[in-house]
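First comes the structure, then the notes that go with it.
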Amino acid sequence: PPNTHPLSSAASDVYKRQMVTLPQLAAVAVYPSFSRLAESGASPRTTGTWAAVAGIGGGLVCAGLLHTFAAPVTAIAFGDGFAGAVPLLERLAFALPGAFAAMTLGAVFASWRMQRRTMVLYLVALTLGLAVNLALIPEMGAMGAVLAAVAAYTALAVMLVVALFVPAR
């Protein structure tokens, strides 16, 4: 399978773990503002819609930059011996729009005390990610894991946006 060199797999693992740091920081930064909006009676749908748009937009900007500069980032972070991991980072960058949207929407749901929805949807996305990993890794190696991460974050973001418009029971 492609990208099965140990260095590619190691870099892929580091990338996946570190890439969510920026979206997590964004979610933590906006949570107090969302909490104030919730307390003031603002609509979670309106706030969530804007959070999703901002998350996707910010994620696309970061993804574009990371995709464009994947080679120098990899060389700086790991050295020239990891050049085989560049295609992994180029594709993994596209998990960022979903990750940003999902994490900012998680902060919206938490602010309106709807964490249970978020938890359930994260479990669904986790299950989806595991299934896609099991399907793709044997055939595609580390690239399969990267594509599974992109699919899981994107699916999670879509599910959270849909959940904004489904009435609570």
Side-chain angles (χ1 to χ4, degrees), residues 10-70 73-74 76-78 85 88-133 142 144-169:
S12 173
D13 187 54
V14 170
Y15 289 151
K16 285 191 292 184
R17 292 178 197 280
Q18 297 306 313
M19 288 210 14
V20 295
T21 302
L22 196 55
Q24 284 173 337
L25 286 171
V28 168
V30 297
Y31 177 76
S33 296
F34 292 160
S35 291
R36 284 190 295 276
L37 286 168
E39 289 173 7
S40 74
S43 165
R45 288 183 180 142
T46 302
T47 304
T49 300
W50 284 110
V53 169
I56 292 166
L60 283 170
V61 169
C62 291
L65 289 169
L66 196 53
H67 184 271
T68 301
F69 298 106
V73 166
T74 301
I76 291 167
F78 302 108
L88 298 172
L89 182 57
E90 288 173 338
R91 277 140 193 105
L92 188 59
F94 292 101
L96 285 171
F100 268 92
M103 290 182 197
T104 55
L105 283 167
V108 169
F109 281 103
S111 296
W112 271 265
R113 295 179 176 40
M114 296 187 286
Q115 298 93 317
R116 186 165 186 213
R117 277 184 182 207
T118 307
M119 186 174 66
V120 168
L121 294 176
Y122 266 82
L123 288 171
V124 171
L126 173 67
T127 303
L128 172 70
L130 289 171
V132 176
N133 270 300
V146 164
L147 296 176
V150 173
Y153 276 115
T154 303
L156 177 59
V158 169
M159 290 185 293
L160 287 167
V161 168
V162 169
L164 283 172
F165 297 94
V166 175
R169 294 193 277 158

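- In this structure, the side chains of R36 and S40 stay at 4.5 Å or more apart for every pair of heavy atoms.
- The CZ atom of F165 lies 3.5 Å from the OG1 atom of T49; values are rounded to the nearest 0.5 Å.
- In plain terms, the two heavy atoms of T104 and V30 that are nearest each other are CG2-CG2, 4.4 Å.
- Put simply, the side chain of Y122 does not reach to within 4.5 Å of the side chain of L126, judged on heavy atoms.
- Considering only heavy atoms from C-beta on, T154 stays 4.5 Å or farther from F94 through its side chain.
- A pairwise comparison of heavy atoms in F100 and G55 identifies CB-O, 3.0 Å as the closest pair.
- The shortest non-hydrogen separation linking A151 to L128 is O-CD2, 4.3 Å.
- When all heavy atoms are compared, the tightest approach of A110 to Y31 is CB-CE1, 3.9 Å.
- The structure places NE2 of H67 at 12.0 Å from CG of L65, a figure rounded to the nearest 0.5 Å.
- Listed here is the closest heavy atom pair of F109 and A163: CZ-CB, 3.9 Å.
- For A125 against L156, the heavy-atom pair with the smallest separation is CB-CB, 3.8 Å.
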Query raised in the report: Passes side chain to side chain contact (heavy atoms under 4.5 Å, CB included), W112 versus L37? Steps please.
Result: CA-CA 9 Å; W112 271 265; L37 286 168; 3.9 Å; yes
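- In this structure, L105 and L164 have side chains that are in contact, with non-hydrogen atoms separated by less than 4.5 Å.
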